[in-house]
Amino acid sequence: MNLSVQLAPRNQHGLLLANPVMTASGTFGYGTEYSHTFDIQKLGAIVCKATTLEPRDGNPQPRLAETSCGVLNSIGLQNIGVNALIKEKAPLWARWQVPVIVNIAGETIDQYAKIANELDGVAGISAIEVNISCPNMRAGGAEFGANPKSAAKVTAAVKAATSLPVLVKLTPNTSDIAKVAVAVAEAGADAISLINTLKGMVIDITRRRPLLGNITGGLSGPAIKPAALYMVYEVAGAVELPIIGCGGITTASDAIEFIMAGASAIQVGTASFANPRAPLDVLEGIEQFMKKEGVKDIAELIGAARR
Ligand SMILES: Cc1cc2nc3c(=O)[nH]c(=O)nc-3n(C[C@H](O)[C@H](O)[C@H](O)COP(=O)(O)O)c2cc1C
């Protein structure tokens, strides 16, 4: 069986994954945190926590709240910053078989470009995922992704700053995600990932106050799966680029739904909190499904529900 997928066919380096199962940024640390739970080298790719130019402490606590079939988070991009990532993490990744993709975030277009430029040519980094979709930043983040023009500007600036494959991660918190996808594709993105979290909130009724320190947060987990699946279907119909589907994927059948909607690869996020082996379980489940259905190549399933 062939499970391999090429996510950046137009890029000089390409981004060839052994299989379509990736981890979602912010839910799998730098990969190292999970390496004792299962053989992470078996995955298609690992996407690390968002990286900013300078280290960030993130938002005030509390930053996580469990909701019906989901989780609301307002971490606020706590991370070690791009210099420490290059010094401390990339040398470890360079010894790994699994490609590592660095998720980047900024408050200005210039910051995105600077980070992308720093990462260019660093051993151990296979691609960049541009996070124009974080709902937990005071400036930048999802503001760029909500509008086709600003999304295209960030994409073009990042593309000009690096030769690495560039994946652009879209926010569902916009009126027409397909329009943003088209703008990002025209600006030169190699692939598109979607979706990031949906903006939401929880109120603590005894304190009569919003529960999260940041007041609002981003909703993830099974609660958002049908919305995410629909958006992947929409975007797959609007652009020719490879698409990476994400949002509530917990089981192999969830993942196969996204693949049939048009995703060439998928990301497992919140599911890893309850079951750290979730990405591997999803991969093994896809393999079992393919065996049972007599599918020889994953390409037969990509977009199958569209034909
Ligand atoms: C605690 C937490 C932190 C996250 N941090 C990031 C991040 O740093 N960058 C990013 O692009 N997405 C981040 N996300 C969004 C996820 O990568 C993913 O897009 C979203 O959670 C939907 O997928 P899921 O329902 O499988 O979790 C985060 C999500 C959670 C729950």
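FYI, side chains are in, hydrogens and waters are out, and symmetry mates aren't considered; it's all heavy atoms of this structure.
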Cluster question for you: counting only ILVMFWY and a side-chain heavy-atom cut-off of under 4.5 Å, with indirect links fine, are [X] and [Y] together?
X: Ile298; Y: Met1; result: yes
X: Leu92; Y: Val98; result: no
X: Leu16; Y: Ile40; result: no
X: Ile203; Y: Leu219; result: no
X: Leu211; Y: Phe273; result: yes

Working to the nearest 0.5 angstrom, can you tell me the gap between [X] [atom1] and [Y] [atom2]?
X: Met231; Y: Asp176; atom1: CE; atom2: CG; answer: 10.5 Å
X: Ser253; Y: Met260; atom1: OG; atom2: CE; answer: 10.0 Å
X: Ile244; Y: Leu15; atom1: CD1; atom2: CG; answer: 7.5 Å
X: Ser150; Y: Ile132; atom1: OG; atom2: CD1; answer: 7.0 Å
X: Leu77; Y: Asn131; atom1: CG; atom2: CG; answer: 6.5 Å
X: Lys169; Y: Ile192; atom1: NZ; atom2: CD1; answer: 13.5 Å

Polar side chain donor-acceptor pair, [X] to [Y], under 3.5 angstrom:
X: Asn214; Y: Ser74; answer: no
X: Ser193; Y: Gln267; answer: no
X: Asp120; Y: Ser163; answer: yes
X: Asn173; Y: Thr171; answer: yes

Measure across [X] and [Y] and return the closest heavy-atom pair with its distance rounded to 0.1 Å.
X: Leu7; Y: Pro9; value: C-CD, 3.5 Å
X: Ile302; Y: Arg307; value: O-NH1, 3.0 Å
X: Ala50; Y: Ala105; value: CB-CB, 4.4 Å
X: Pro20; Y: Ile259; value: CG-CD1, 4.4 Å
X: Asn117; Y: Ala161; value: ND2-O, 3.0 Å
X: Ser126; Y: Pro99; value: OG-CB, 3.4 Å

Is there a side-chain contact between [X] and [Y], using heavy atoms and a 4.5 Å cut-off?
X: Lys89; Y: Val100; answer: no
X: Ile266; Y: Val282; answer: yes
X: Leu85; Y: Leu119; answer: yes
X: Lys114; Y: Val82; answer: no
X: Leu43; Y: Tyr34; answer: no
X: Phe258; Y: Lys225; answer: yes
X: Val158; Y: Val168; answer: no
X: Ile224; Y: Thr197; answer: no

Under 3.5 Å, is there a donor-acceptor pair between the side chain of [X] and the main chain of [Y]?
X: Asn103; Y: Cys48; result: no
X: Arg306; Y: Tyr233; result: yes
X: Glu300; Y: Asp297; result: yes
X: Glu234; Y: Ala178; result: no
X: Asn79; Y: Thr52; result: yes
X: Thr51; Y: Ile104; result: no
X: Trp93; Y: Tyr30; result: yes
X: Gln111; Y: Ile109; result: no

Sole candidate of [options] that passes side chain to side chain contact (heavy atoms under 4.5 Å, CB included) when paired with [X]:
X: Ile256; options: Ile286, Thr251, Val295; answer: Ile286
X: Ser220; options: Leu72, Leu198, Val71; answer: Val71
X: Ile195; options: Leu229, Ile177, Val235, Leu170; answer: Ile177

Taking everything shown except [X] itself, do over 12 heavy atoms lie less than 6.0 Å from its [atom1]?
X: Asp39; atom1: CG; answer: yes
X: Gln61; atom1: CD; answer: yes
X: Glu293; atom1: CD; answer: yes
X: Glu66; atom1: CD; answer: no
X: Arg207; atom1: CZ; answer: yes

**Request:** For Asp190 and Leu241, run side chain to side chain contact (heavy atoms under 4.5 Å, CB included): C-alpha distance rounded to whole Å, both residues' side-chain angles, the deciding distance at 0.1 Å, then the answer.
**Result:** CA-CA 7 Å; Asp190 293 293; Leu241 294 181; over 6 Å; no
**Asked** Can you list the steps and then say if Glu33 with Lys49 is a side chain to side chain contact (heavy atoms under 4.5 Å, CB included)?
**Response** CA-CA 12 Å; Glu33 296 87 337; Lys49 174 70 190 165; over 6 Å; no
**Request:** Could you please spell out the steps behind the salt bridge (charged side-chain N to carboxylate O under 4.0 Å, His left out) verdict for Arg56 and Glu107?
**Result:** CA-CA 12 Å; Arg56 280 171 68 106; Glu107 293 185 355; 3.3 Å; yes
**Item:** Trace of the side chain to side chain contact (heavy atoms under 4.5 Å, CB included) decision for Asp281 with Val268
**Value:** CA-CA 10 Å; Asp281 289 349; Val268 178; over 6 Å; no
**Asked** So Phe28 and Phe38, would you call those rings parallel, tilted or perpendicular, with 30° and 60° as cut-offs?
**Response** tilted
**Message:** Asn83 vs Glu118, test: side chain to side chain contact (heavy atoms under 4.5 Å, CB included). Steps then yes/no.
**Reply:** CA-CA 8 Å; Asn83 290 336; Glu118 298 275 341; 3.9 Å; yes
**Asked** Between Glu284 and Arg277, does at least one N-O distance fall below 4.0 Å, as a salt bridge requires?
**Response**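 So Glu284 pairs with Arg277 through a salt bridge.
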